[in-house]
Amino acid sequence: MKLSPQTIQAAVDAAHSSSAPNIGGANANYIPYLASVPSELFGVAVMTPDGRLYKAGDTDYAFAIESISKVFTLALVTELIGSEAVRQKVGTTPTGLPFNSVMALELHNGKPLSPLVNAGAIAIVSLVSGVSADACWAKILDMQSRFAGRPIALSDEINQSEQTTNFHNRAIGWLLCSAGTCYSDPMRAVDVYTRQCSTLVTTTDLAVMGATLAGGGVNPVTRLSVVAAANIPHLLSEMTMEGLYTASGDWAYQVGLPGKSGVGGGILAVAPGKLAIAAFSPPLDLVGNSVRGQAAVAYIAKALGLNLFGS
Ligand code: GLN
């Protein structure tokens with residue numbers, strides 16, 4: 001199907017209006033900040049690799065990136081150490097268990113299996129070299145900014161909210177350490193992982209970040225290459241297998257696009273070579289994925305005939 005600008009904007013508008021009444025789910029509350037974000041906020045955006053933006057709703061509201069950050073740090077580490085080292089040291093297969101599962105680690109001798117669950121993401125952060133936590137953090141923040149095409153910033157409020165409540169993730173850090181799968185000081189890795197979840201992005205930012213993945217690693221706004229084209233299939237395959245956690249299989253079955261969600265309510269899907277779809281709505285389902293966000297992204301994917309397995 002030839003996707004004209006009018007066709008894409010009509011799909012975005014219809015996705016927004018048809019998903020808006022979908023009021024199921026609840027804000028994440030295990031991170032206090034997230035519980036306080038207005039639940040009715042709802043933004044939808046699409047960007048094509050030529051930099052055209054299509055949007056509806058609250059696309060300029062800045063929210064916590066949360067787990068969507070895992071994709072961009074994985075991109076950084078894949079560039080730094082190569083895709084095969086990622087597979088050996090962290091693993092690249094889905095866990096079939098919730099994103100913060102300790103049991104998943106116990107079942108596999110402390111190997112996280114996936115870079116897109118908390119344990120794997122903490123291990124990925126531990127592979128970012130740097131003399132200090134701040135040096136390591138600077139590289140990760142720079143990568144988020146390169147994907148977004150503008151300087152991304154940490155929210156001190158969100159970071160504070162997470163750093164003072166992240167006991168479960170700290171436990172995961174020590175379990176990785178005991179298994180030999182944390183490659184830096186574990187509390188440093190958890191600290192930096194927590195910061196990477198605490199940056200602020202808008203739905204438009206997510207669309208740009210996704211369009212960079214859709215466009216072979218070239219940012220559509222800056223025209224700079226952010227990640228080698230050869231690494232994009234590795235990132236998108238991880239998103240397909242684990243991007244929506246235990247719902248990833250159903251998502252592939254029903255929507256057929258690599259995706260990534262965060263407990264801040266953001267969600268991103270990538271149609272390689274074509275476009276990225278981003279949405280934001282805080283209420284989550286039991287797995288941890290935005291209810292309205294999933295509905296809106298699925299609507300657009302279907303309306304524009306983007307299912308990868310249907311092409
Ligand atoms: N910061 C959150 C955590 O570590 C991110 C989880 C998520 O978005 N799924 O629990």
Side-chain angles (χ1 to χ4, degrees), residues 25-37 62-74 94-105 112-126 137 140-141 144 152 154-176 182 186-201 203 205-206 209 238-239 241-248 251 259-269 278-291 293-294:
N27 286 35
N29 61 8
Y30 73 100
I31 298 167
Y33 173 90
L34 299 181
S36 71
V37 178
F63 55 90
I65 190 170
E66 297 300 342
S67 269
I68 304 170
S69 66
K70 290 167 177 161
V71 175
F72 310 113
T73 309
L74 173 61
T95 66
L97 287 163
F99 65 77
N100 57 359
S101 176
V102 166
M103 200 201 302
L105 272 182
L113 297 193
S114 168
L116 300 186
V117 296
N118 290 11
I122 293 165
I124 286 288
V125 167
S126 79
W137 166 236
I140 291 173
L141 186 61
Q144 287 191 15
I152 294 297
L154 182 77
S155 159
D156 290 328
E157 187 186 2
I158 300 168
N159 188 43
Q160 181 69 13
S161 185
E162 300 216 20
Q163 297 280 4
T164 51
T165 53
N166 65 353
F167 309 113
H168 190 93
N169 286 337
R170 285 191 235 175
I172 288 174
W174 283 118
L175 285 174
L176 291 170
C182 194
M187 290 307 98
R188 170 176 137 176
V190 173
D191 167 17
V192 175
Y193 163 79
T194 305
R195 295 191 220 181
Q196 82 171 25
C197 293
S198 303
T199 59
L200 286 169
V201 290
T203 312
D205 287 328
L206 278 190
M209 295 169 110
E238 290 308 303
M239 290 168 68
M241 291 184 289
E242 189 67 76
L244 275 78
Y245 310 115
T246 47
S248 302
W251 181 257
K260 187 72 203 84
S261 64
V263 290
I267 180 169
L268 174 63
F280 162 65
S281 166
L284 310 177
D285 62 17
L286 293 176
V287 172
N289 298 319
S290 169
V291 175
Q294 289 177 94

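Counting starts at 1 for both ligands and their atoms, in listed order. Both backbone and side-chain heavy atoms feed into the values below; hydrogens, waters and symmetry mates do not.
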Distance from atom 3 (C) of ligand 1 to nearest protein heavy atom, with residue and atom
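Result for atom 3 (C) of ligand 1: Y30 OH, 3.4 Å.
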- Task: Could you tell me the residue and atom name of the protein heavy atom closest to atom 5 (C) of ligand 1, and the distance to it rounded to 0.1 Å?
- Result: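 Ranking protein heavy atoms by distance from atom 5 (C) of ligand 1, first comes E66 OE1, 3.4 Å.
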Original post:
When you look for heavy atoms under 4.0 Å from ligand 1, do you find them on the side chain of S67, its backbone, both, or neither?
Top reply: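 Both backbone and side chain.
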query: Relative to ligand 1, is N169 under 4.0 angstrom through side chain, backbone, both or neither, heavy atoms considered?
result: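 The side chain, only.
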N/O to N/O below 3.5 Å, does that happen between [X] and ligand 1?
{"X": "Y245", "answer": "yes"}
{"X": "E162", "answer": "yes"}
{"X": "G262", "answer": "no"}

### Message
Before you tell me yes or no, could you show the steps for I158 and E66 under side chain to side chain contact (heavy atoms under 4.5 Å, CB included), namely the whole-Å CA-CA distance, both residues' side-chain angles and the distance that decides it to 0.1 Å?
### Response
CA-CA 10 Å; I158 300 168; E66 297 300 342; 4.3 Å; yes
Taking all non-hydrogen atoms of both residues into account, name the closest pair between L244 and Q294 and its distance.
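Nearest pair, atom of L244 first, then Q294: CD2-OE1, 3.8 Å.
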Legend entry - Heavy-atom pair with the smallest gap, counting every atom of I122 and N169: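 Residues I122 and N169, closest heavy atoms: CD1-O, 3.9 Å.
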Check your understanding: Mind checking whether F99 and Y245 have parallel, tilted or perpendicular rings, split at 30° and 60°?
Key ->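 It falls in the tilted class, 30° to 60°.
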task: Give a yes/no verdict on whether any heavy atom in N118 is under 4.0 Å from an atom of ligand 1.
output: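 Yes; N118 lies near enough to ligand 1 that a heavy-atom distance drops under 4.0 Å.
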Is it true that the side chains of N159 and Q163 contain a donor and an acceptor less than 3.5 Å apart?
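N159 vs Q163: donor-acceptor pair found between side chains.
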Next item on the list: Examine distances only and state if a side-chain atom of S161 and a backbone atom of E157 form a donor-acceptor pair shorter than 3.5 Å.
Entry: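 It does not hold such a pair.
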* Enumerate the atoms of ligand 1 whose separation from the nearest heavy atom of F99 is less than 4.0 angstrom. =>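 Contacts of ligand 1 toward F99, numbered from 1: 6 (C), 9 (N), 10 (O).
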